[in-house]
Amino acid sequence: MKKKLVYMILVFSLIIIGFSGCGKKEPPQNEVEVWLTPQWKGTYGADEKGADYDSFLKTAANMYEKKHPETKIHIQVVPGDERDSKLSVAVQTNTLPDIFFDSTFVLSTYAHQGLLEPFDSIIDDKNRNDISNAIWDNVMIKDKTYFYPFAQNPGLLVYNADMFKEAGLDRYISGKTEIAKWTIEDFKTILSSLKKSNSKVSPFGLYAKNNQGDTWNMMYLRMFGNTFFSTNGELNVNDKEGVEALDFLKELVKEKLVTPGAESLSSNDVNAMFQNQQVGISFANSVLYAGMLESMDNGSLKKFDVRLANIPGKTKPLSFTYVLGSGVFNTNGEKRMKLAQDFVKFYSENKELVQASMNFLPVRNSIIEIEKDKMPLLETYTNNDKYVVNFSNNTPGYAEIRNALYPEIQAALTGEKTSKEALDAFVEAGDKAIDRGLRRSKALNEQGELEK
């Protein structure tokens, strides 16, 4: 009986050890797992046979595997509304992918957590010089490059030039391949004239229902010279210039120069209103603008003369850009991490593959030089880089900042709070998230110790 008991204990111990060994097993070092959110269909265009959201990276993987037959690359598309929860679970269960391909600002929190490996050692001067400083500024934290930029999607304004002509505003209309630059005084004149010309149209599309499209609202708060973030990384939007900007928006509401009930409108609502010619000036990015033009060409949208403008600023025009690129996680072993970075380098630098950036907007000057005659706006967007600001500051806690902003804008627009009260409340809530993130950030702190 005693021998049987000893035997059973020994067998049970071996089983436990076996399970323990399985839990600690290092992932295969010759494989790479890539996740992406839906960006564009097809490798170079949606008209390709079998075009899907994973086509580009599958093409890149096939090309890479031919050169490195010992390597296997797995691609998975993650719905945008599932990205945050899926990554959160992956962090907790130590099952992060090797690469994530997405708008870089939504992934910067993982750099602060110390989970992303910088790219500086693999990007040479030739490739760095092929991309503008405005783009690099959007993917760097404390002089380290955490994302390899592939394409961009500049954020601007769009306006109905037909409405401008009807209102006698021809002098404020720029060419079809240009980006208009208006002062704040110009902007107010334009809005007032649009209202006088057609009382059934809302001159300016403003919204604050949720955090969608909130980057434009953050830019509007910079119109009078506010920088939104101070040099120490905390919020300063409640200073004189920030309050002046929000007061200006409230003035536009009072004078009925914006969409009625802006506090309850979403960005999608306002975009639809602009496309239905119910709004004179609205928000847009390069992809949305190109989509409007395509819809007019194929007859799914009634044609009108739509053109681009920067966001007006007191000292200079304002713009921003969403950078699309790749981040590499450092959680699956050294060899696999280096393999992942090599794959990112391959599709981010390969002359054939970088042509796919035309689905958005290329970040590489070499591509723009080749394609500018076919698409004159490419050079226009690039020349506008000097007005681009890093809207998120790559700050830790940015997701919490977004959720804290729109309720305060709502309170200001409805008169529940003064502009100063609303912005003070936002800064108090936002700085708590930022301070917590700054203390915990491994990208900003040399020792990278987590807050106890």
Side-chain angles (χ1 to χ4, degrees), residues 21-43 50-123 139 145-151 323-350 353-354 356-357 359 442-443:
C22 289
K24 294 181 180 179
K25 186 178 179 181
E26 191 176 59
Q29 294 297 289
N30 63 336
E31 297 184 11
V32 173
E33 186 174 2
V34 186
W35 291 1
L36 73 149
T37 52
Q39 301 300 331
W40 68 83
K41 287 189 175 183
T43 299
D52 210 338
Y53 292 116
D54 59 2
S55 298
F56 166 70
L57 285 170
K58 278 188 173 179
T59 298
N62 289 335
M63 291 170 64
Y64 188 84
E65 287 172 355
K66 285 181 180 179
K67 291 188 174 185
H68 307 274
E70 73 285 358
T71 301
K72 182 63 181 174
I73 297 169
H74 309 278
I75 314 293
Q76 182 182 161
V77 178
V78 178
D81 58 357
E82 295 179 16
R83 176 192 57 227
D84 293 344
S85 59
K86 190 172 177 66
L87 281 171
S88 179
V89 170
V91 171
Q92 296 171 37
T93 57
N94 196 28
T95 55
L96 283 165
D98 302 288
I99 299 168
F100 209 112
F101 187 68
D102 204 343
S103 289
T104 60
F105 83 95
V106 300
L107 299 172
S108 60
T109 183
Y110 301 101
H112 288 291
Q113 291 177 13
L115 299 174
L116 292 178
E117 187 69 15
F119 282 97
D120 301 276
S121 63
I122 71 165
I123 302 174
V139 298
T145 309
Y146 285 92
F147 304 96
Y148 203 139
F150 185 81
V323 177
L324 180 69
S326 308
V328 167
F329 289 98
N330 56 20
T331 54
N332 293 319
E334 180 78 14
K335 184 177 178 181
R336 189 153 160 167
M337 180 188 72
K338 289 183 176 179
L339 180 59
Q341 285 203 326
D342 191 59
F343 180 50
V344 170
K345 180 179 175 68
F346 173 73
Y347 65 71
S348 299
E349 297 179 1
N350 180 277
L353 291 171
V354 294
S357 63
N359 285 289
K442 293 185 178 183

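Side-chain atoms are counted along with the backbone in the values below, which use heavy atoms only and exclude waters and symmetry mates.
- Counting only residues at least two apart or on different chains, no salt bridge (Lys or Arg N to Asp or Glu O under 4.0 Å) pair has a member in residues 59-80.
- Partners of K86 according to the side-chain contact (heavy atoms from CB on, under 4.5 Å) rule, which considers only residues two or more places apart in sequence or in another chain, are W35, Q76, V78.
- N94 places a side-chain heavy atom less than 4.5 Å from the side chain of T331.
- The nearest pair of heavy atoms linking W40 to N359 is NE1-ND2, 3.1 Å.
- Here CD1 of I75 is found 7.5 Å from CG of D54. Values are rounded to the nearest 0.5 Å.
- For the pair S55 and T43, the minimum side-chain heavy-atom distance is below 4.5 Å.
- A search for salt bridge (Lys or Arg N to Asp or Glu O under 4.0 Å) contacts involving E349 returns K345, not counting sequence neighbours.
- Remark: Y64 engages H68, F343, F346 in a ring pair (Phe, Tyr, Trp, His ring centres under 6.0 Å) (not counting sequence neighbours).
- Of the possible donor and acceptor atoms, none in the side chain of R336 sits under 3.5 Å from a partner among the backbone N and O of V32.
- Every residue two or more places apart in sequence or in another chain that forms a side-chain contact (heavy atoms from CB on, under 4.5 Å) with T109 is listed here: Q113.
- Looking only at side-chain heavy atoms (C-beta outward), L36 and D102 stay at 4.5 Å or farther from each other.
- Using a 4.5 Å heavy-atom cutoff, the side chains of F329 and L116 are in contact.
- Separation of atoms CG (D342) and OG1 (T71) is listed at 8.5 Å; rounding is to 0.5 Å.
- With sequence neighbours left out, the side chain to side chain donor-acceptor pair (under 3.5 Å) criterion links S85 to no other residue.
- Under the rule for a salt bridge (Lys or Arg N to Asp or Glu O under 4.0 Å), the partners of D120 that lie at least two apart in sequence or sit in another chain are R128.
- Partners of P79 under the side-chain contact (heavy atoms from CB on, under 4.5 Å) rule, at least two apart in sequence or in another chain, are D81, E82.
- Closest non-hydrogen pair, G80 versus P38, comes out as N-CD, 4.0 Å.
- In plain terms, the two heavy atoms of E33 and P97 that are nearest each other are O-CB, 3.6 Å.
- A pairwise comparison of heavy atoms in A60 and L353 identifies CB-CD1, 3.8 Å as the closest pair.
- Partners of T93 according to the side-chain contact (heavy atoms from CB on, under 4.5 Å) rule, which considers only residues two or more places apart in sequence or in another chain, are V89, T95.
- Note that the OG1 atom of T104 and the CG atom of L324 stand 8.0 Å from one another [nearest 0.5 Å].
- Listed here is the closest heavy atom pair of I99 and A340: CD1-O, 3.6 Å.
- Nearest heavy-atom pair across F147 and T145 is O-CG2, 3.3 Å.
- Considering only residues two or more places apart in sequence or on other chains, Q92 meets the side chain to side chain donor-acceptor pair (under 3.5 Å) condition with S88.
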**Message:** Please determine whether side-chain contact (heavy atoms from CB on, under 4.5 Å) holds for the pair K338 and Q341, giving the CA-CA distance in whole Å, both sets of side-chain angles, and the decisive distance to 0.1 Å.
**Reply:** CA-CA 5 Å; K338 289 183 176 179; Q341 285 203 326; 5.6 Å; no
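- Side-chain contact between K335 and L339 is absent, with no heavy atoms from C-beta onward closer than 4.5 Å.
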**Request:** Could you give me the CA-CA distance, side-chain angles and deciding distance for L87 and L107, then say whether side-chain contact (heavy atoms from CB on, under 4.5 Å) is met?
**Result:** CA-CA 10 Å; L87 281 171; L107 299 172; 3.9 Å; yes
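- The side chain to side chain donor-acceptor pair (under 3.5 Å) check on S326 picks up Y347, with sequence neighbours excluded.
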**Message:** Walk me through whether V91 and L96 qualify under side-chain contact (heavy atoms from CB on, under 4.5 Å).
**Reply:** CA-CA 6 Å; V91 171; L96 283 165; 3.9 Å; yes
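- A ring-ring contact (aromatic ring centres under 6.0 Å, His included) check over residues 84-103, counting only residues at least two apart or in different chains, returns the pairs F101-F150.
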